[in-house]
Amino acid sequence: MNAADKKRLLREMLYARRFEERCYEAYVERKIGGFLHLYPGQEACVHGVMEAAKPGHDYVITGYRDHVHAIQCGADPKKVMAELYGKETGSSKGRGGSMHIFDVEHRFMGGYALVGGPFPLAAGIGKAIKLQGGDEISICFLGDAANNQGSFHESLNMAAVWELPVLFVCENNLYGIGTRIERSTAVQEQYKRACGYGIEAARVDGQDIETVYEAALKAVDYVRSGKGPYFLELSTYRYRGHSMSDAGAYRTKEEQQEWIKRDPINLFKERLIEAGELSEEDFQSLDKEIIEQIDRDVIPFAEESPEPKLEELEKYVLAENDPWVKGGAQ
Amino acid sequence: MAELMYWEAIRRAHDEEMARDPMVIAMGEDIGVAGGTYKATQGLYDKYGAERVIDTPISENGYTGLGIGSSFLGVRPIIEIMSVNFAWLATDQIVNTAAKVRYMSGGQLEAPVVIRSPGGTAHQLGAQHSARMEKVFMGIVGLRVVTPSNPRQAYGLIKSAVRCNDPVFINEHELMYNMKDVVPDDEYFHPLEGSEVAREGKDVTIFAYNISVHWALQAADILSRQHGIEAEVVDLYALNPLDREGIRDSVSKTHRAVIAEEAEPAVGVGSEVMAIINEECFFELDAPPMRISARNVPIPYNRTLEKAAIPNAQDVVNGVLKMFGK
């Protein structure tokens, strides 16, 4: 990564942080409904992996903590925010909400709200890529707790036995909702579970974006070269509760402080300052510019966009005017 | 028109669609090298290869989800779930993903998968291999459910389902794979909506689907020959959506309705047809509608008990006679 790339990445991570914080505020103001799962603390994961992949070319699928993943694939943050506001201009036309951001144009294949649900879908995307002979890869971002679903085991097995081009990224943030990993999971190092399926796997620090990037380059290259699936475990931490309905009381202040000391944005920022590639003032003005941009462009777009039309409530349930429903042209 | 067995008709539909479009694939347990438990994919592995005729691990939710994921990119999988009793394991992916993805993505994604699976009581397979699931799937918004009662429908429904952009669940029956009947020699696409009048009559309508169509036809024959009652048999090959218009038209003509179903009565095809009759043509009725359904038990192993648990043609005859006060 050259200096310009590093600065851009830092900006993107900071943008994601501020975007999510703004979601928090809008939720408190009751402008966003439903469940809201925020990403602060884990930014180095998606940013590091997507820097090594080809956003908009490679297919990405994830769970319900999905806003930043969508944006990193190329989704317009305005449309993501409008989706949270339930507006017609939202990325899923207000029909999905926070847990179901989709941007198929940028090959972000969606956020899904059944834990572990995307595993087989990601394998299926890999199967389609293989059948169609493309050079894309399928990337599945999920948390550690998803690995306790049967779909994890079924999908890793199929991906391995059929050598599918799937990169499984496990963002191990140590908690499944409020239950800490030791209390739910017999083997805590998740990459070992992938090894059980003969899948190439690694575990690295998920707070250091350069470490993530280097590990992801290797993983992406492995998958793209047709060798089969790869499992990359990233050790990370989420600052907020599982969702907005969870104050995170199951964690100690000390534990949280320890992780905040290794905040992915701060770590990267300090490193860039040390290398003389950035000044504290640069960072502050970048931060200010991001906050202003979100307030100026993103929020007003979401607030001022129209609601979906009531008469279109039942649109998108089935295909419209599909001739085969009537038995084709006969 | 040649006569084909039900399984041969299914196989022919696979073969034609796979020959036409390289993105049509077949997947399921033992469907490849072994040719399928009911022979529905026999010979296709040799013809189309392991990448397109896929022997899956015994992971119903996993491989169904995999098929659904592949369909996001334009692959058209025909997924066989060996018994509908195993499809319970795949309901997460069928219901939460395939049926909802178009809606929750605001129309950006669709899951054009075909899921075929036999349900029903066959020959002493016990409680966990004999149940039916159509009542579950037909209540799922965004999922089409069809159920062929003969080889022609079995062939034509797959042909249309493969090309349709919605997910389609095809409910087959273990006892019907060796049933032989005519299938058009030319390509034939059966509609995924509507119903068929399998026998015209004026005195009572027997609504049936899949295997119960055969009980209904037998019953209608007995009723005509022995009791002078002319029953109309309406084949509800589409369970979601049900054919409201067809149900209304027939009841408006015969003024009496009996629903014959292999499943237990609660929350099923019969209750839904009755609701439609109430909503569409209540005042046309000359008698309260009646369900002929399975008994409320898990299907027993013992042959005598098993037979007693599910209805047959004579039960349909008896029900109709009771309705006529005979």
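This is a predicted model, so every value here is computed, not measured. Reminder, nothing fancy here: chain letters follow the sequence lines and each chain counts from 1. Just the heavy atoms: all of them, side chains too, but no hydrogens, waters or symmetry mates, feed the values below.
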Going from OG on A:Ser151 to CG on B:Leu66, what distance comes out if it is rounded to the nearest 0.5 angstrom? 12.0 Å
Chain B contact via A:Tyr59 - side chain, backbone, both or neither, heavy atoms under 4.5 Å: side chain
Do you know the tightest heavy-atom contact between A:Glu154 and B:Gly62? OE1-N, 2.5 Å
Looking only at heavy atoms and a cut-off of under 4.5 Å, which of B:Arg102, B:Glu51, B:Arg52 has the most pairs with chain A? B:Arg102
Below 4.5 Å from any heavy atom of chain B, which atoms of A:Lys130 appear? Answer side chain, backbone, both or neither. side chain
Checking heavy atoms, do the side chain of B:Ile25, its backbone, both or neither come under 4.5 Å from chain A? side chain
Residue part contacting chain A, namely of B:Asn96, when any heavy atom lies under 4.5 Å: side chain
May I ask you to test the A:Met158-B:Pro57 pair for a side-chain heavy-atom distance under 4.5 Å? yes
What part of B:Ser71 lies closer than 4.5 angstrom to a heavy atom of chain A: side chain, backbone, both or neither? neither
Under 4.5 Å to a heavy atom of chain A? For B:Ser105 that would be both
Tell me, which pairs form a side-chain hydrogen bond (donor to acceptor under 3.5 Å, both in side chains) where one or both residues lie in residues 152-163 of chain B, sequence neighbours left out? B:Arg12-B:Tyr155, B:Glu16-B:Tyr155, B:Glu16-B:Lys159, B:Glu17-B:Lys159, B:Glu17-B:Arg163, B:Ser149-B:Gln153, B:Arg152-B:Tyr188, B:Arg152-B:Glu196, B:Gln153-B:Glu196, B:Gln153-B:Asp235, B:Lys159-B:Glu187, B:Arg163-B:Glu187
Using heavy atoms and a sub-4.5 Å threshold, report which of residues 93-104 of chain A line up against chain B, by residue number. A:Lys93, A:Arg95, A:Gly96, A:His100, A:Phe102, A:Asp103, A:Val104
Atom CD of A:Glu303 with >12 non-hydrogen neighbours under 6.0 angstrom: yes
Relative to the ring of B:Phe72, is the ring of A:Tyr112 parallel (under 30°), tilted (30 to 60°) or perpendicular (over 60°)? parallel
So what's closer than 4.5 Å to chain A heavy atoms on B:Asp92: side chain, backbone, both or neither? side chain
Most contact-rich option vs chain B, by heavy-atom pairs under 4.5 angstrom, among A:Val325, A:Asn157, A:Leu164, A:Ile129, is A:Val325
I'd like to know which of B:Leu109, B:Leu157, B:Val162, B:Thr64 tops the heavy-atom pair count under 4.5 Å against chain A. B:Leu109
Note: A:Lys127 and B:Ile54 closest approach over all heavy atoms is CE-CD1, 3.5 Å
Do any of residues 74-88 of chain A come closer than 4.5 Å to chain B, heavy atom to heavy atom, and if so which ones, in number order? none
Hey, are the side chains of B:Met104 and A:Ser92 touching, using non-hydrogen atoms and a 4.5 Å cut-off? no
Could you tell me which of A:Leu114, A:Ile61, A:Val161 has the largest number of non-hydrogen atom pairs under 4.5 Å with chain B? A:Leu114
If you count the non-hydrogen atoms of other residues, nucleotides and ligands that lie under 6.0 Å from CD in A:Glu105, is the total more than 12? no
Chain B contacts: which residues in residues 115-124 of chain A have a non-hydrogen atom closer than 4.5 Å to it? A:Gly117, A:Pro120, A:Leu121, A:Ala123, A:Gly124
If we only count heavy atoms from C-beta on, is the B:Leu73 to A:Leu131 side-chain gap below 4.5 Å? no
Would one find more than 12 heavy atoms of other residues, nucleotides or ligands at under 6.0 Å from atom CD of B:Glu279? yes
How long is the straight-line distance from CG of B:Asp55 back to CH2 of A:Trp162, given to the nearest 0.5 Å? 8.5 Å
Around B:Phe86, counting heavy atoms of other residues, nucleotides and ligands shown, do more than 12 lie under 6.0 Å from its CZ? yes
Option in B:Lys100, B:Glu110, B:Arg144, B:Glu60 with maximal non-hydrogen atom pairs under 4.5 Å from chain A: B:Arg144
Checking the side chain of B:Asp166 only, and the main-chain atoms of A:Leu318 only, is there a donor and an acceptor separated by less than 3.5 Å? no
Count the heavy atoms belonging to other residues, nucleotides or ligands that lie under 6.0 Å from CG of A:Asn321, then report whether that count exceeds 12. no
Relative to chain A, which segment of B:Gln93 carries a heavy atom at a distance below 4.5 Å: side chain, backbone, both, or neither? side chain
When you measure from the side chain of B:Gln108 to the backbone of A:Gly110, do you find a donor-acceptor pair of N or O atoms at a distance under 3.5 Å? no
Does a side-chain heavy-atom distance below 4.5 Å link B:Met23 with A:Gln132? yes
Among the listed options B:Gly194, B:Gly107, B:Ala238, the residue most often paired with chain A at heavy-atom distances under 4.5 Å: B:Gly107
